[in-house]
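Model, not experiment: these values are computed from the prediction.
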Amino acid sequence: MVSITLLALPNALAGSLTLPLEMLNAGASLARSQRRDGDFHWQMASLDGLPVTTASGLKLQPDLRADQVEHTDLLLVPTLWRNPLSTLRRCRPLLPWLRALSARHTRICTAGTGSYLLAEAGLLDGRPATTHWHYFDSFSRRYPRVELKRDYLITEADNLYCAGSINAFSDLMVYMNELLFGHEIAARVAAQFSPEIRRPVELQRFRASLINLHRDELVVEAQGWLRERLGGSVLISALAQQLGISERSLDRRFQRAIGMTPLAYLQHCRMEQARELLRYSNLSVGEIAAQVGYASAGHFSKLFRRAQTQTPVAYRKAVRGKLFGL
């Protein structure tokens, strides 16, 4: 069973708790509909177990005190409205509890200025993090030991995840759905929750372990070579020969650097370009297939549906309905 805890904080944005919960619940529901493990339990905790008033005046009724939560698979920490310092002072008793949960390898996700609470607990010292752009400078001054990533909307360091905004938080929840329930269900959740704004987490995320591993200049060169040839016929063996290594060695170095094979990376880039063309161009599906390197529109549609859980036509209709609707 997946156990999720929502941390109710005074002056928080309620949507930074309710939207992630709805997205995770959707993933669990889809898993159950496929007769997969979708057991799902959530609870809400506050500092003292008493009702909490959010920034909008909405009152949240917690189920228990935070210190009564000894185990949870995922903790959601909301973003705080405007200057977070007054809320931080009120929530200082939560800091030892946060440190204890992190030590138990609980995944902790937060959005915007919620990262102040993790930094205040010392969890982000020496680690990458992000926060709302308006507070970059004040965050850096208050927490000089945190590696603030101003150019990334999402950061990952071990079990700690920070998103710079609620939109990025929802993208992060798609990724959490993938970790908990698998790629297919995550893609379906993304399609249900505004497909026109979804961006793959890989394009937004600073992942500490991934960046540290990816100092492989040869893989960087290979990625550039592949991106330059998205619309043509590509042989991975030709790329390996160009780089002067065996295909097997190239595959192994790609896996170590970015967690996927060269062929999977090529297909990922092609699908990303196809989504952009479906979104913004009037090209037919066959023309788009050709532009991203597929001779067969049918084969392209099959791959697209596998990656997006929608046909290219359905995806375009969903996106255009939001882009051009009155």
[Y] side chain reached by [X] side chain, heavy atoms, under 4.5 Å:
{"X": "Val219", "Y": "Phe254", "answer": "yes"}
{"X": "Tyr265", "Y": "Arg227", "answer": "yes"}
{"X": "Leu75", "Y": "Leu98", "answer": "yes"}
{"X": "Leu123", "Y": "Leu160", "answer": "yes"}
{"X": "Met176", "Y": "Ile4", "answer": "no"}
{"X": "Asn177", "Y": "Val174", "answer": "no"}
{"X": "Thr261", "Y": "Gln267", "answer": "no"}

[X], [atom1]: over 12 other non-hydrogen atoms inside 6.0 angstrom:
{"X": "Arg92", "atom1": "CZ", "value": "no"}
{"X": "Arg229", "atom1": "CZ", "value": "yes"}
{"X": "Arg90", "atom1": "CZ", "value": "no"}
{"X": "Arg82", "atom1": "CZ", "value": "no"}

[atom1] of [X] to [atom2] of [Y]: how many Å apart, nearest 0.5 Å?
{"X": "Lys317", "Y": "Leu278", "atom1": "NZ", "atom2": "CG", "answer": "14.5 Å"}
{"X": "Met173", "Y": "Ser170", "atom1": "CE", "atom2": "OG", "answer": "8.5 Å"}
{"X": "Leu148", "Y": "Tyr143", "atom1": "CG", "atom2": "OH", "answer": "12.0 Å"}
{"X": "Glu272", "Y": "Glu276", "atom1": "CD", "atom2": "CD", "answer": "5.5 Å"}
{"X": "His132", "Y": "Ser115", "atom1": "NE2", "atom2": "OG", "answer": "11.0 Å"}
{"X": "Gln273", "Y": "Cys269", "atom1": "CD", "atom2": "SG", "answer": "9.0 Å"}

message: I'd like to check the side-chain contact (heavy atoms from CB on, under 4.5 Å) partners of Ala129; sequence neighbours left out, ordered by chain and number.
response: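 Residues passing side-chain contact (heavy atoms from CB on, under 4.5 Å) with Ala129: Leu124, Val146, Thr155, Cys162.
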Solution key, residues 7-25 side-chain donor-acceptor pairs under 3.5 Å, sequence neighbours excluded:
unit_1, atom_1, unit_2, atom_2, d
Asn11, ND2, Trp81, O, 3.2
Ser16, OG, Leu13, O, 2.6
Ser16, OG, Thr79, N, 3.1
Thr18, OG1, Ala14, O, 3.2

So, the side chain of [X] versus the backbone of [Y]: is there a donor-acceptor pair under 3.5 Å, distance only?
{"X": "Thr130", "Y": "Tyr152", "answer": "yes"}
{"X": "Ser33", "Y": "Leu30", "answer": "yes"}
{"X": "Thr131", "Y": "Gly112", "answer": "yes"}
{"X": "Arg145", "Y": "Gly122", "answer": "no"}

Same hydrophobic cluster for [X] and [Y], using side-chain heavy-atom links shorter than 4.5 Å among ILVMFWY?
{"X": "Leu94", "Y": "Leu64", "result": "yes"}
{"X": "Leu80", "Y": "Phe139", "result": "yes"}
{"X": "Tyr135", "Y": "Leu153", "result": "no"}
{"X": "Leu60", "Y": "Leu74", "result": "yes"}
{"X": "Leu172", "Y": "Leu180", "result": "yes"}

query: What residue among Arg275, Arg279, Gln308 forms side chain to side chain donor-acceptor pair (under 3.5 Å) with Tyr315?
result: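 With Tyr315 as partner, Arg275, Arg279, Gln308 yield a single side chain to side chain donor-acceptor pair (under 3.5 Å), made by Arg279.
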Intermediate values then yes/no, side-chain contact (heavy atoms from CB on, under 4.5 Å), Asp73 and Arg107: CA-CA 6 Å; Asp73 297 305; Arg107 289 191 179 108; over 6 Å; no
message: Determine whether Leu266 and Val234 satisfy the following criterion, side-chain contact (heavy atoms from CB on, under 4.5 Å), listing intermediate values before the conclusion.
response: CA-CA 9 Å; Leu266 174 64; Val234 174; 3.9 Å; yes
task: Report the residues that fulfil side chain to side chain donor-acceptor pair (under 3.5 Å) with Glu184, sequence neighbours left out, ordered by chain and then residue number.
output: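 Scan of Glu184 (side chain to side chain donor-acceptor pair (under 3.5 Å), adjacent residues dropped) gives none.
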message: Can you list everything that forms a side chain to side chain donor-acceptor pair (under 3.5 Å) with Ser56? Sequence neighbours excluded, please.
response: Thr54
query: Excluding sequence neighbours, so at least two apart, what forms salt bridge (charged side-chain N to carboxylate O under 4.0 Å, His left out) with Asp48?
result: none
Closest non-hydrogen atom pair, [X] against [Y]:
{"X": "Gly232", "Y": "Arg270", "value": "O-NH2, 2.7 Å"}
{"X": "Ser281", "Y": "Arg316", "value": "O-NH2, 2.9 Å"}
{"X": "Tyr161", "Y": "Leu179", "value": "OH-CD1, 4.0 Å"}
{"X": "Pro93", "Y": "Pro96", "value": "O-CD, 3.4 Å"}
{"X": "Phe304", "Y": "Pro312", "value": "CD2-N, 3.7 Å"}
{"X": "Pro262", "Y": "Leu226", "value": "O-CD1, 3.9 Å"}

Please tabulate, one pair per line, all N/O donor-acceptor pairs under 3.5 Å involving side-chain atoms of residues 285-301, not counting sequence neighbours.
unit_1, atom_1, unit_2, atom_2, d
Glu287, OE1, Ser284, N, 2.8
Glu287, OE1, Ser284, OG, 3.3
Ser296, OG, Gly298, N, 3.3
Ser296, OG, His299, N, 3.1
Ser301, OG, Ala297, O, 3.0

query: Val69 and Trp97: side-chain contact (heavy atoms from CB on, under 4.5 Å), yes or no, with the steps?
result: CA-CA 9 Å; Val69 180; Trp97 172 72; 4.0 Å; yes
- prompt: Can you check side-chain contact (heavy atoms from CB on, under 4.5 Å) on Arg142 and Leu85, steps first, answer last?
  reply: CA-CA 11 Å; Arg142 186 175 180 88; Leu85 297 185; 3.8 Å; yes
